[in-house]
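This structure is a prediction, so every number in the text was calculated from the model and none was measured. Reckoned from all heavy atoms, side chains included, excluding hydrogens, waters and symmetry mates.
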Amino acid sequence: MKTELETQVENYQKWRDELRETIEAYQAWLEGHGHADIRRSLRIYDLVESLRNDHIMLAFLAEFSRGKTELINAMFFSGYEQRLLPSDMGRTTMCPTEIFYDGAEEPYIRLLPIETRKGEDGIGALKHKPIEWVQIKLEVDSKEAMAEAMAKLAEVKSVPIADAEAMGLLDDSDFLPTTVIKKGEGKVDIPCWRHAMITFPHPLLKEGLSILDTPGLNAMGSEPELTLNMLPNAQAVIFVLAADTGVTKSDMEMWTHHVKALNADTRHARLVVLNKIDTLWDELKDEATVNNTIQAQCNTAA
């Protein structure tokens, strides 16, 4: 039985396909009656291609340890009966990750080395330079191979502090949470990758849904393109909170600067998800008391 989300995404795909077919029929009519010209044909071609490649982008935002990646695992990779995207304590996705379906290629994961931050090109420009990326084929029939490939999203490397500063990963006043000081060695641990793209044959992704999984607050600050281009281009932002922490100062900062700021553009839907309610379950309390506790946390967060 299809979920409401699956039904709505499927309806969107049908509408998009019907609109594209109508535009193509209009182009054929123009050509058949001698009204086509190069300029008009190019505009129609661009429109058809944009519809063909269009996606509904859902951007997931949360501070570290809010269960955001675990939520994405449950939505798209539950069939493997194990976590694929890294979400364990101290071992989570360290770079923005796009998950989508590319019917023109076999499933893959593409990783952009963190060293590309030393250049002038943004992520959008680098997407057109395949030579800059490390590509790994995804063996979708093997959960072990899938888990091994996905584990690379959590990889870190040790570099001199000067190198981290050159890549904009360190602030003069503080170390960002994406780095860990290695005292006495003059080095820090930084993410190996700047950005990741994963194409995977999930039914929702095939029908035009795509996901942007972002790291924590300071990691977003170190990659301005996230807030300048990627988030504004998303149709909806899913802001994830954790029931065990409620709304913290860093949660409020992320909400104010990266989610609420999108309110000026009415195209964006903003959804707040209170995750990890299982942390409020208590075998020593009756169901009504537990439900009241969960509701109270919802009200406080809201």
Verdict with reasoning, E31 to Y26, per side-chain contact (heavy atoms from CB on, under 4.5 Å): CA-CA 9 Å; E31 293 175 352; Y26 172 63; over 6 Å; no

Under the criterion salt bridge (Lys or Arg N to Asp or Glu O under 4.0 Å), I'd like the reasoning laid out for R83 against E70: C-alpha separation, chi angles, the key distance, then a yes or no. CA-CA 8 Å; R83 296 175 178 88; E70 188 81 323; 2.7 Å; yes

Worked verdict on E63 versus R66 for salt bridge (Lys or Arg N to Asp or Glu O under 4.0 Å): CA-CA 6 Å; E63 260 295 27; R66 301 299 187 261; 5.8 Å; no

Counting only heavy atoms from other residues, nucleotides and ligands, does the tally under 6.0 Å from CZ of R52 exceed 12? yes

Will you find, in the side chains of E98 and S210, an N or O donor that is under 3.5 Å from an N or O acceptor? no

Does any donor atom in the side chain of Q295 or N299 lie under 3.5 Å from an acceptor atom in the other side chain? yes

Give, for atom NZ of K249 and atom CE of M254, the distance between the pair rounded to the nearest 0.5 Å. 15.0 Å

With a 4.5 Å cut-off on side-chain heavy atoms, are W15 and E10 touching? no

When hydrophobic residues are tied together by side-chain contacts of less than 4.5 Å, even through go-betweens, does I294 share a cluster with V247? no

Would L274 and M252 show up in the same hydrophobic cluster when neighbours are defined by side-chain heavy atoms closer than 4.5 Å? yes

Surrounding CD of Q82 (heavy atoms of other residues, nucleotides or ligands, distance under 6.0 Å), is the total greater than 12? yes

If Ile, Leu, Val, Met, Phe, Trp and Tyr residues are connected whenever their side-chain heavy atoms lie under 4.5 Å apart, and connections chain through other members, are W281 and L241 in the same group? no

Can you find a pair of side-chain heavy atoms, one from E139 and one from M146, that are under 4.5 Å apart? no

For a 4.5 angstrom cut-off between non-hydrogen side-chain atoms, does I190 reach K157? yes

Taking all non-hydrogen atoms of both residues, which atom of T214 and which atom of K68 are closest, and how far apart? O-NZ, 2.7 Å

After noting the C-alpha distance and the side-chain angles of L112 and W193, does the key distance pass the side-chain contact (heavy atoms from CB on, under 4.5 Å) rule? CA-CA 5 Å; L112 184 64; W193 313 108; 5.9 Å; no

Say you draw a straight line from CG of L111 to OG1 of T97; how long is it, rounded to the nearest 0.5 Å? 8.5 Å

Does the side chain of L209 reach to within under 4.5 Å of the side chain of H55, using non-hydrogen atoms? no

Show your reasoning for whether salt bridge (Lys or Arg N to Asp or Glu O under 4.0 Å) applies to D17 and K14. CA-CA 5 Å; D17 291 343; K14 290 180 179 177; over 6 Å; no

Could you please spell out the steps behind the side chain to side chain donor-acceptor pair (under 3.5 Å) verdict for Q27 and S41? CA-CA 7 Å; Q27 173 65 11; S41 296; 3.1 Å; yes

Would you call L153 and I109 a side-chain contact if the rule is heavy atoms closer than 4.5 Å? yes

Please check if the number of heavy atoms outside I38 that lie under 6.0 Å from its CD1 is greater than 12. no

Full working for side-chain contact (heavy atoms from CB on, under 4.5 Å) between T116 and K118: CA-CA 5 Å; T116 59; K118 294 179 180 180; over 6 Å; no

Tell me, do E24 and V48 make a side-chain contact under 4.5 Å, heavy atoms counted? yes

E144 atom CD, over 12 foreign heavy atoms within 6.0 Å: yes

Please output the side-chain donor-acceptor pairs of residues 74-81 that fall under 3.5 Å, not counting sequence neighbours, one pair per line with the distance.
{"unit_1": "Y80", "atom_1": "OH", "unit_2": "V140", "atom_2": "O", "d": "2.6"}

Can you confirm whether the side chains of D286 and T289 place a donor and an acceptor under 3.5 Å from each other? yes

Go through M167 and I114 one step at a time and tell me if the side-chain contact (heavy atoms from CB on, under 4.5 Å) criterion holds. CA-CA 8 Å; M167 288 184 275; I114 194 70; 4.1 Å; yes

Over 60° means perpendicular and under 30° means parallel, so tell me whether W133 and H195 are parallel, tilted or perpendicular. perpendicular

Do V159 and V188 come within less than 4.5 Å of each other through their side chains, counting heavy atoms only? yes

With a 4.0 Å cut-off, would you call R194 and E132 a salt bridge? no

Single-linkage hydrophobic cluster, 4.5 Å side-chain cutoff, L30 and Y45 together: no

Please say whether the positively charged group of R110, taken as NZ for Lys or CZ for Arg, lies over the ring of Y108, i.e. under 6.0 angstrom from the six-membered ring centre and within 45 degrees of the axis. yes

Give the intermediate values and the outcome of salt bridge (Lys or Arg N to Asp or Glu O under 4.0 Å) for residues D163 and K187. CA-CA 9 Å; D163 286 355; K187 292 187 175 183; over 6 Å; no

Find out whether P113 and C192 are in side-chain contact, i.e. whether some heavy atom of one side chain is under 4.5 Å from a heavy atom of the other. no

ILVMFWY cluster, F60 and I277 together (side-chain gap under 4.5 Å): no

Separation of I99 CD1 from H202 NE2 (nearest 0.5 Å): 10.5 Å

Within 6.0 Å of CD in E148, more than 12 heavy atoms from elsewhere: no

